[in-house]
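See structure below.
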Amino acid sequence: MTDEPRVLIENCAIATMDDAQTEHTSGYLVVAGRRIVAVGPGAAPPELGPFDRRIDAAGHLATPGLVNTHHHFYQWLTRGLAQNANLFDWLVALYPTWARIDEAMVYAAARASLAMMARGGVTTAMDHHYVFPRGAGDLLGAEIRAARELGVRFTATRGSMDLGESRGGLPPDFAVETTEEALAATELAVATHHDPAPDAMLRIAVAPCSPFSVTTELMRESAELARRLGVRLHTHGSETVEEAAFCEQRFGMGPTAYFESTGWLGDDVWMAHCVHMTDADIAAFARTGTGVAHCPSSNARLAAGIARVPEMLAAGVPVGLGVDGTASNESGELHTELRNALLINRLGPGREKALTVRQALRLATRGGAEVLGRQGEIGSLEVGKLADLVLWRLDGLGHSTIEDPVAALVLGPPAPITLSLVNGAPVVENGELRTADESAVAAEARAQARRLAQLAANG
């Protein structure tokens, strides 16, 4: 026995997401401090006590906390714009506004993005920030501060763009950095913030933005930098047919071949979207252990297409779910992505078994942990894992007639959250954030969005 607070959660259905996909129709979990120390069916053995807190979770499903593998927090301030555009047109429309963001804006947007995800069951968040206007302040630090305050586990990626329009890239010249600036700032971000410890609340990854906004030099040197520093790599890949055409025209090869030529395939890499993947592309990802962040709502919003998730899973590609930026997924939360991933991947005749409810839940939990390289610590409810978990209430109007609790969670309406723990600490209780005032977060985000819009309007 230790002096760490011990919490017993009992009488709930449990989907552990362990290797055996163990589930209990009624069982218990014991949390001591930051870790899970017991999980099993039926009643908890008396010798596991005493407990500092007992939670009767009848009518609930316990799952690992959801893991978001791709996002752009700053886009919270530009939701609802360019409503009928594809990716390239959408980017061109929004770059001039994004190039005016500053530290106060990013902080407000990060708080709002994190709060929305936490309310929807996310316990590990990720963000890909790649817009760094000159004189804008410490934008990455603003995100890190927001995540720390809200109590959410966080992977922050230091993104970059160095291929402006005048050199054949998509972003305007005023929105990019030099190659040297990007590499130096990325190395400083890792040195300043990255925590390699197994129970880390903060990790940093290296993340040049995309083939159409980054030079080959930056791609190659970013991969070398990340591996020298021992951190992971992230970028956008194979998102649209326009991207594929850009790669063929500029590099004489498709996106996956280009990534491989620059050192960007490997089990320390994950890419967002991966919509337009050939059989050979999928085989290359499987062979190298390269991960995928599947973003079904954003892919639909921008008409990018349907990612071949069932084929990726069958080949052994690590796949997680991503919200993506809220300028292309205005809901801003991950729970809806479970349902959308399942539904979108079933579109078409003969695809009724393309993705199951349990595969969808795995994408959002164990799959996300694998993509972020943290499957040994989070993503499943097992003894020794960190106590990142969610209690979903399923006995209310929206779910009470769906007997299978996993089907209720994935196919039903967004389920209320009775309790969400990160590192054993409550972040959400009875549907409300414990770590921030939602009204204040919303008000500040609204104020900063209006300030950004006014700056953009004034040119």
Side-chain angles (χ1 to χ4, degrees), residues 1-67 118-119 121-124 150-153 197-201 358 361-362 365-366 369 374-396 399-400 403-406 408-409 415-435:
M1 300 295 289
T2 72
D3 57 0
E4 294 179 315
R6 294 176 69 84
V7 178
L8 170 64
I9 301 169
E10 55 187 342
N11 303 321
C12 58
I14 302 173
T16 67
M17 294 292 117
D18 65 8
D19 288 341
Q21 295 288 289
T22 305
E23 296 183 18
H24 305 302
T25 56
S26 180
Y28 65 88
L29 287 152
V30 178
V31 171
R34 294 176 297 175
R35 297 195 178 273
I36 298 168
V37 296
V39 56
E47 59 268 21
L48 291 178
F51 303 106
D52 298 277
R53 182 180 181 188
R54 299 178 71 112
I55 299 171
D56 185 351
H60 290 73
L61 170 66
T63 72
L66 305 188
V67 179
R119 287 180 69 253
V122 169
T123 56
T124 295
L150 267 72
V152 176
R153 204 176 301 280
D199 58 352
M201 288 293 289
R358 282 163 176 79
L361 180 57
R362 192 187 188 284
T365 53
R366 184 71 172 271
R374 304 204 64 172
Q375 65 269 31
E377 307 144 40
I378 60 173
S380 59
L381 302 179
E382 300 181 77
V383 172
K385 290 285 186 79
L386 293 168
D388 293 9
L389 61 90
V390 179
L391 277 180
W392 310 87
R393 185 174 179 182
L394 300 179
D395 60 357
H399 306 86
S400 63
E403 192 66 25
D404 177 350
V406 177
L409 178 66
I417 292 176
T418 294
L419 181 66
S420 175
L421 300 179
V422 180
N423 248 9
V427 172
V428 177
E429 285 199 79
N430 298 317
E432 295 185 358
L433 276 176
R434 288 281 305 274
T435 54

Working to the nearest 0.5 Å, report the span between [atom1] of [X] and [atom2] of [Y].
| X | Y | atom1 | atom2 | result |
| --- | --- | --- | --- | --- |
| D388 | E377 | CG | CD | 10.0 Å |
| M17 | T22 | CE | OG1 | 9.5 Å |
| L29 | L48 | CG | CG | 11.0 Å |
| L419 | L421 | CG | CG | 4.0 Å |
| D199 | R153 | CG | CZ | 7.0 Å |
| L391 | I55 | CG | CD1 | 6.5 Å |

* Asked: How far apart are the C-alpha atoms of R374 and T124, what are their side-chain angles, what is the distance that settles it, and do they pass the side chain to side chain contact (heavy atoms under 4.5 Å, CB included) test?
  -> CA-CA 10 Å; R374 304 204 64 172; T124 295; 5.6 Å; no
Answer yes or no: is there a side-chain heavy-atom contact under 4.5 Å between [X] and [Y]?
| X | Y | answer |
| --- | --- | --- |
| T63 | L389 | no |
| N423 | L386 | yes |
| V30 | R6 | yes |
| T365 | L66 | yes |

Tell me the closest heavy-atom pair linking [X] and [Y], and the distance in Å.
| X | Y | answer |
| --- | --- | --- |
| I9 | A57 | CG2-CB, 3.9 Å |
| V31 | G424 | CG1-CA, 4.3 Å |
| H399 | P416 | CE1-CD, 4.2 Å |
| A15 | P64 | O-CD, 3.4 Å |
| V427 | A118 | CG1-CB, 4.1 Å |
| I36 | E382 | CB-O, 3.5 Å |

* To do: For the pair I378 and T123, evaluate side chain to side chain contact (heavy atoms under 4.5 Å, CB included) and give the outcome as yes or no after the intermediate values.
  => CA-CA 10 Å; I378 60 173; T123 56; over 6 Å; no
* Take S380 and T16, measure what side chain to side chain contact (heavy atoms under 4.5 Å, CB included) needs, and give me the verdict at the end. => CA-CA 5 Å; S380 59; T16 67; 5.7 Å; no
* Residue of the set L8, V39, I14, N11 for which side chain to side chain contact (heavy atoms under 4.5 Å, CB included) holds with Y28 ->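 With Y28 as partner, L8, V39, I14, N11 yield a single side chain to side chain contact (heavy atoms under 4.5 Å, CB included), made by L8.
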* **side chain to side chain contact (heavy atoms under 4.5 Å, CB included) involving D404 - partner list, sequence neighbours excluded** =>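 Partners of D404 under the side chain to side chain contact (heavy atoms under 4.5 Å, CB included) test: R358, V406, A407.
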* What pairs with R362 under side chain to side chain donor-acceptor pair (under 3.5 Å), at least two apart in sequence or on another chain? ->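 So R362 forms a side chain to side chain donor-acceptor pair (under 3.5 Å) with E370.
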* **Non-neighbouring partners of E432 that pass salt bridge (charged side-chain N to carboxylate O under 4.0 Å, His left out), sequence neighbours left out** =>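 Scan of E432 (salt bridge (charged side-chain N to carboxylate O under 4.0 Å, His left out), adjacent residues dropped) gives none.
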* Asked: Any sub-3.5 Å donor-acceptor pair from R53's side-chain atoms to P5's backbone N or O?
  ->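 No, because the side chain of R53 does not come within donor-acceptor range (under 3.5 Å) of the backbone of P5.
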* So, the side chain of R34 versus the backbone of K385: is there a donor-acceptor pair under 3.5 Å, distance only? ->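 No, R34 side chain to K385 backbone: no donor-acceptor pair under 3.5 Å.
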* Is the shortest side-chain N to carboxylate O distance from D395 to R393 below 4.0 Å? ->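 Salt bridge flag = yes for R393 with D395.
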